[in-house]
Protein chains: 2
Amino acid sequence: MSDPLSKRRLKMWIRLLGVTRAAEGELREFLRVKHATTLPRFDVMAALYRKREGVTMSELSRMLLVSNGNATTVVDRLEADGLVRRTPSETDRRTVFVALTPEGFAQFEGLAAEHEAEVARVFAGLSEADLDAMTDILKRVGS
Amino acid sequence: MSDPLSKRRLKMWIRLLGVTRAAEGELREFLRVKHATTLPRFDVMAALYRKREGVTMSELSRMLLVSNGNATTVVDRLEADGLVRRTPSETDRRTVFVALTPEGFAQFEGLAAEHEAEVARVFAGLSEADLDAMTDILKRVGS
DNA sequence: GCTTGAAATTTCAGACTTGAAAAATTTTGC
DNA sequence: GCAAAATTTTTCAAGTCTGAAATTTCAAGC
């Protein structure tokens, strides 16, 4: 008997979640052992690396799909370590811009290449065609 | 210059992570609003529902890809709520079996169908062919 | 038997995460 | 102008999660 479509979506989701968690685990381990950092810290720095001019706290939490409160504490720690800087907005006193410091920028550049290599290692099992197909399907989820 | 293929794997991973986090967020919201529970609790109960005879704590944390310490605290809370029961092994006094109580079993059965429908809703954008292709590709990641 | 090492679980400190509430500021509608 | 609503960020309590250390028990070799 053929599974109802909803059951197949469920199975696909369970597998998707498993693969993602396993990959996250490997990256977490890599960041911890090789670079003494964590995934959330890396995520924040990566977001700020992409937006060099700086982003507001709200933009940051939207980019990372985490709550505002969460973004605040991770940024707090990165700021205490001198990797990130908060700058109050001139035009709106509620708003704060966050950006990498030169130290943060340098540290992230050192990390980025190795991180990319590690991701490539984790997904080495996927062919070029797989990557295309996967990206294509993933785009279709949100729309 | 970095290998373009590794960059494509990285982009696929970033998209994969984004889709997974967005879906997790929707399911979390669904469980919280409609059923006053959380994703980790649901995950534990789902694992125990699949293995009715019970599992050891180590098996449980391997199934969910979480640390032993984490499994302990989530099971602690479910046990305090009477949804889960710990039973010491007869043959190995280090080992503990965990299983759903009748209350836990009943609660999960009420949840499961709605959860499946919610997952189907989240991934409604994917066709049958997409599901097949996706599942196929995901299988290839681990091997 | 005894000792050493391995295995299962819990405990612990610290970090992450959420969602709600609070505080400060800006915008909007009158 | 001004009161009410909306926006931005932080604070807070509670739950989740990790990795290492501690505890208890079992297994293996001598």
Side-chain angles (χ1 to χ4, degrees), chain A residues 17 20-22 24-45 54-81 83-98, chain B residues 17 20-22 24-45 47 54-81 83-84 86-98:
Chain A
L17 194 51
T20 302
R21 284 191 183 163
E24 268 192 285
E26 296 203 54
L27 291 176
R28 206 182 294 282
E29 164 89 358
F30 161 76
L31 289 172
R32 182 176 59 85
V33 172
K34 306 279 192 197
H35 297 284
T37 188
T38 66
L39 203 45
R41 288 168 69 101
F42 180 87
D43 286 346
V44 167
M45 293 179 77
V55 296
T56 68
M57 290 299 294
S58 291
E59 282 175 320
L60 183 60
S61 47
R62 267 195 304 276
M63 287 170 77
L64 304 180
L65 300 180
V66 300
S67 68
N68 279 353
N70 186 8
T72 294
T73 71
V74 177
V75 167
D76 280 350
R77 269 189 269 269
L78 289 172
E79 192 179 30
D81 292 342
L83 299 170
V84 140
R85 180 179 41 231
R86 276 184 171 96
T87 311
S89 164
E90 303 276 335
T91 60
D92 184 340
R93 278 189 290 180
R94 296 169 300 180
T95 300
V96 184
F97 292 104
V98 199
Chain B
L17 194 52
T20 302
R21 282 189 184 165
E24 267 193 286
E26 296 204 53
L27 291 175
R28 207 181 292 279
E29 164 90 356
F30 161 76
L31 290 172
R32 182 176 59 84
V33 172
K34 306 279 192 195
H35 296 284
T37 188
T38 65
L39 203 46
R41 288 169 69 100
F42 180 87
D43 286 345
V44 167
M45 293 180 76
V55 297
T56 68
M57 291 299 294
S58 292
E59 282 175 320
L60 183 60
S61 48
R62 267 196 304 276
M63 287 171 77
L64 303 180
L65 301 179
V66 300
S67 68
N68 280 352
N70 185 9
T72 293
T73 72
V74 177
V75 166
D76 279 350
R77 269 189 266 271
L78 289 172
E79 192 179 29
D81 292 342
L83 300 171
V84 140
R86 277 184 171 97
T87 311
S89 164
E90 303 276 336
T91 59
D92 184 339
R93 277 189 292 180
R94 295 169 301 180
T95 300
V96 182
F97 292 105
V98 198

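To find a chain, count down the sequence lines: A is the first, B the second, and so on, and within it residues start at 1. We use all heavy atoms of the structure for the numbers below, so side chains are in, but hydrogens, waters and symmetry mates are not.
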Under the rule for salt bridge (charged side-chain N to carboxylate O under 4.0 Å, His left out), what residues qualify as partners of B:Arg41, not counting sequence neighbours?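 Checked B:Arg41 against salt bridge (charged side-chain N to carboxylate O under 4.0 Å, His left out); matches are B:Asp81.
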When you match B:Gly69 and B:Asp92 each to their closest nucleotide on DNA chain D, which lands nearer the 5' end?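 The residue closer to the strand's 5' end, by nearest nucleotide, is B:Gly69.
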Counting just side-chain N and O atoms, does [X] come under 4.0 Å of either OP1 or OP2 of [N]?
X	N	result
A:Arg32	D:dG19	yes
A:Thr72	D:dT10	yes
A:Arg21	D:dT18	no

Name all residues meeting the side chain to side chain donor-acceptor pair (under 3.5 Å) criterion together with B:Asp43; count only those two or more places apart in sequence or in a different chain, and write none if there are none.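 Scan of B:Asp43 (side chain to side chain donor-acceptor pair (under 3.5 Å), adjacent residues dropped) gives A:Arg21.
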Starting at atom [atom1] of [X], determine the distance to atom [atom2] of [N], rounded to an integer number of angstrom.
X	N	atom1	atom2	answer
B:Arg41	C:dT18	CZ	C1'	15 Å
A:Leu78	C:dA15	CG	C1'	12 Å
B:Leu65	D:dT16	CG	C1'	16 Å

What nucleotide, of [options], holds the atom closest to the side chain of [X]?
X	options	answer
A:Arg93	C:dA20, D:dT10, C:dT26	C:dT26
B:Arg94	C:dA7, C:dT17, C:dG19	C:dA7
A:Arg77	C:dA15, D:dT18, C:dA7	C:dA15
A:Asn70	C:dC16, D:dT11, C:dT9	C:dC16
A:Val96	D:dT10, D:dT18, C:dT18	D:dT10
A:Asn68	C:dG19, C:dT10, D:dT10	D:dT10
A:Thr95	C:dT17, D:dT10, D:dT9	D:dT9

Can a salt bridge be assigned to the pair A:Glu59 and A:Arg62 using a cut-off of 4.0 Å between side-chain N and carboxylate O?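 So A:Glu59 does not pair with A:Arg62 through a salt bridge.
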Nearest-nucleotide comparison on DNA chain C, the residue closer to the 5′ end among B:Arg86 and B:Glu29: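 Of the two residues, B:Arg86 wins.
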Between CZ of B:Arg94 and OG1 of B:Thr56, what distance do you get to the nearest 0.5 Å?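 That separation rounds to 11.0 Å.
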Give the residues of residues 54-64 of chain A touching DNA chain C, defined as any heavy atom closer than 4.0 Å, sorted by residue number.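 None - not one residue of the stretch has a heavy atom sitting under 4.0 Å from the strand.
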